[in-house]
Amino acid sequence: MLRKFRVKNFLSFRDWQTLDLTVAANAPDLPGRFVQSIPGSRDRFPTFVAIFGANASGKTNILRALTFVFNFIQSSQNDSPNQRIRSIPFFGSEPNDDTSEFEVEIDGAVGEMKNRVRFNYNLVISPNQTQVLEEELKYFPLGRPRRLFFRRGQKIEFGDDFQIRSNDPSIKKIRKNSSAISTLAQFNHTLSVDILTGLSSLRSNVAGIMGNHDFSIDAVSNFYSMNPNYLNDFVAISGKFDLNIEKVEISRSESGLTPMFFHRGVSSPVLHAFESHGTNKIFSIFPILNNVLQSGSVAFVDELDNSIHSLLLPEIIELFIDPEQNPYNAQLVSVCQNPSILQHLNKEEVFFVEKAPDGASTIYGMKEIKGVRRESNIYANYLAGAFGGVPRVA
């Protein structure tokens, strides 16, 4: 579960910006919506998060920044030794000689840990994007911080809990443009492998900075073909979305794989090309949602509400806020455009992004806006411009 994310000098984020998902201690107890991802902890976080903003405000850049960091941890060792780190600094008009910096707080279970524990990861990249200046990983067993490792340039100090000898030969393999975790995992360092295994359960439909994700119908069909249980789950849940689907088959032909939808009352199957945009959108993102619901992980979804009828959106929210459908406290962080969703959300679940005339984006939560009462009509007030994050129409 994502707790907090901070970013500086990345795409449209010039100064430090913070996405803090912590729910205030005095907020009401809303089981399923605000959950304690660590047993016994007082910290609560929403299971569904919606990020709003005008077109080109930079809201998708939040997800790009998150996917960059997690991809860097997992796969940066696969890049060539001389390749620049694939972080893109703030693209303002002034010369940029600042570092790019990232901080992630996330809860997860690693290795033999039976319960989730809080992790804090920090990354500082040089202005020319050629090397890691700092990298640090801490965790919080029993609520207290313990450093796993701290890196400044190519000098790394390891804590006892990281379980690696200072003279381990794999340490010398850590390159200036790659993550220590990514490198050590390739040499079978146990904790690094466990961390990457945990991060592998994160899901996103965002085309990350470190490589594009293929969400074409061919790729999605191939996934369903290899995971037929997901087809059964999709059909089972499609009733909630009023799709009138009773079966889906993946057909193979000379042109490749394609889904065939069987509807009640229709004698012949329907090709995906003749299905509605909404059905195809739900069909495409369902593997992401279903995967994290089963694993208790986090999904980062861009344009969640694109092509999906506004009356169906609450059903997607319900998948994550209903404890019976989300028994493992999975979390969905989504970029949205359709303001009708706001009728179904609490202020702790809503964030906004605005872009200044100089191109710099700002992130803020509705919970940070003074005077927003819990019983307020969030939807109407947003449309009236009370919270910002709306298009400015000339």
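Predicted model only: the values in this text are computed from it and were never measured. Heavy atoms only: backbone and side chains are in, while hydrogens, waters and symmetry mates are out.
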Just checking, is any N or O donor in the side chain of [X] or [Y] under 3.5 Å from an acceptor N or O on the other one?
{"X": "Asp20", "Y": "Thr18", "result": "no"}
{"X": "Ser37", "Y": "Asn329", "result": "no"}
{"X": "Ser179", "Y": "Glu135", "result": "yes"}
{"X": "Ser41", "Y": "Gln36", "result": "no"}
{"X": "Ser297", "Y": "Ser201", "result": "yes"}
{"X": "Tyr364", "Y": "Gln17", "result": "no"}

Would you say [X] has more than 12 foreign heavy atoms packed within less than 6.0 Å of its [atom1]?
{"X": "Arg264", "atom1": "CZ", "result": "yes"}
{"X": "Asn128", "atom1": "CG", "result": "yes"}
{"X": "Phe91", "atom1": "CZ", "result": "yes"}

Could you check if a side-chain atom of [X] sits within less than 4.5 angstrom of a side-chain atom of [Y], using non-hydrogen atoms only?
{"X": "Met1", "Y": "Val35", "result": "yes"}
{"X": "Leu293", "Y": "Gln325", "result": "no"}
{"X": "Ile85", "Y": "Phe68", "result": "yes"}
{"X": "Phe352", "Y": "Lys59", "result": "no"}
{"X": "Phe90", "Y": "Lys8", "result": "no"}
{"X": "Phe149", "Y": "Leu184", "result": "no"}
{"X": "Asn177", "Y": "Gln131", "result": "no"}
{"X": "Val333", "Y": "Ile62", "result": "no"}

Original post:
Given the rule in the side chain to side chain contact (heavy atoms under 4.5 Å, CB included) test, do Phe286 and Tyr224 qualify, once you have shown the distances and angles that lead to the verdict?
Top reply: CA-CA 10 Å; Phe286 178 74; Tyr224 278 112; 3.6 Å; yes

Original post:
Parallel under 30°, tilted from 30 to 60°, perpendicular over 60°: which one fits the rings of His263 and Phe261?
Top reply: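 Tilted: the ring planes of His263 and Phe261 meet at 30° to 60°.
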
**OP:** Fit a plane to each ring of Phe102 and Phe10, take the angle between them on a 0 to 90° scale, and name the class: parallel (under 30°), tilted (30 to 60°) or perpendicular (over 60°).
**Re:**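 Ring orientation, 0 to 90° scale: perpendicular.
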
Subject >> NZ/NE/NH1/NH2 to OD/OE distance under 4.0 Å, Asp79 and Arg175 >> reply: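 Salt bridge absent between Asp79 and Arg175.
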
For the student: nearest non-hydrogen atoms of [X] and [Y], plus distance:
{"X": "Gly32", "Y": "Pro323", "result": "CA-CG, 3.8 Å"}
{"X": "Ser87", "Y": "Gln129", "result": "O-OE1, 2.9 Å"}
{"X": "Asn346", "Y": "Ile378", "result": "C-CD1, 4.3 Å"}
{"X": "Arg44", "Y": "Ala25", "result": "NH2-O, 3.7 Å"}
{"X": "Val353", "Y": "Gly58", "result": "CG1-C, 3.9 Å"}
{"X": "Met260", "Y": "Leu271", "result": "SD-CD2, 3.2 Å"}

Indicate yes or no for a side-chain donor-acceptor contact from [X] to the backbone of [Y] under 3.5 Å, with no hydrogens or angles considered.
{"X": "His189", "Y": "Ile171", "answer": "no"}
{"X": "Asn71", "Y": "Thr67", "answer": "yes"}
{"X": "Thr47", "Y": "Phe320", "answer": "yes"}
{"X": "Gln154", "Y": "Ile174", "answer": "yes"}
{"X": "Ser361", "Y": "Lys355", "answer": "no"}
{"X": "Ser284", "Y": "Asn280", "answer": "yes"}

Original post:
Between Glu101 and Asn9, is a side chain to side chain contact (heavy atoms under 4.5 Å, CB included) present by the stated rule, with each step listed?
Top reply: CA-CA 7 Å; Glu101 304 187 34; Asn9 194 28; over 6 Å; no

Original post:
Please walk me through it: do Val132 and Phe72 pass side chain to side chain contact (heavy atoms under 4.5 Å, CB included)?
Top reply: CA-CA 11 Å; Val132 174; Phe72 181 80; 3.6 Å; yes

Subject >> Step-by-step side chain to side chain donor-acceptor pair (under 3.5 Å) determination, Asn55 to Gln337 >> reply: CA-CA 9 Å; Asn55 290 336; Gln337 294 276 22; 2.9 Å; yes

**OP:** Could you please spell out the steps behind the side chain to side chain donor-acceptor pair (under 3.5 Å) verdict for Thr362 and Glu354?
**Re:** CA-CA 5 Å; Thr362 302; Glu354 283 198 329; over 6 Å; no

Subject >> Positive for side-chain hydrogen bond (donor to acceptor under 3.5 Å, both in side chains) with Arg3, one of Thr22, Asp107, Asn120 >> reply: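 With Arg3 as partner, side-chain hydrogen bond (donor to acceptor under 3.5 Å, both in side chains) holds for just one option, Asp107.
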
**OP:** Look up atom CG in Asn61 and atom OG in Ser12, then write down how far apart they are to the nearest 0.5 Å.
**Re:**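 Reported to 0.5 Å precision, the distance equals 4.0 Å.
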
Subject >> Worked check of side chain to side chain contact (heavy atoms under 4.5 Å, CB included) between Phe187 and Ile164 >> reply: CA-CA 12 Å; Phe187 291 93; Ile164 188 170; over 6 Å; no

**OP:** Write out all pairs satisfying ring pair (Phe, Tyr, Trp, His ring centres under 6.0 Å) with one or both partners inside residues 26-55, taking only residues at least two apart or from two chains.
**Re:**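 Pairs touching residues 26-55 that pass the test: Phe52-Tyr382.
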
**OP:** Have a look at His272 and tell me which of Thr279, Val248, Ile217, Val220 forms a side-chain contact (heavy atoms from CB on, under 4.5 Å) with it.
**Re:**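 With His272 as partner, side-chain contact (heavy atoms from CB on, under 4.5 Å) holds for just one option, Ile217.
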
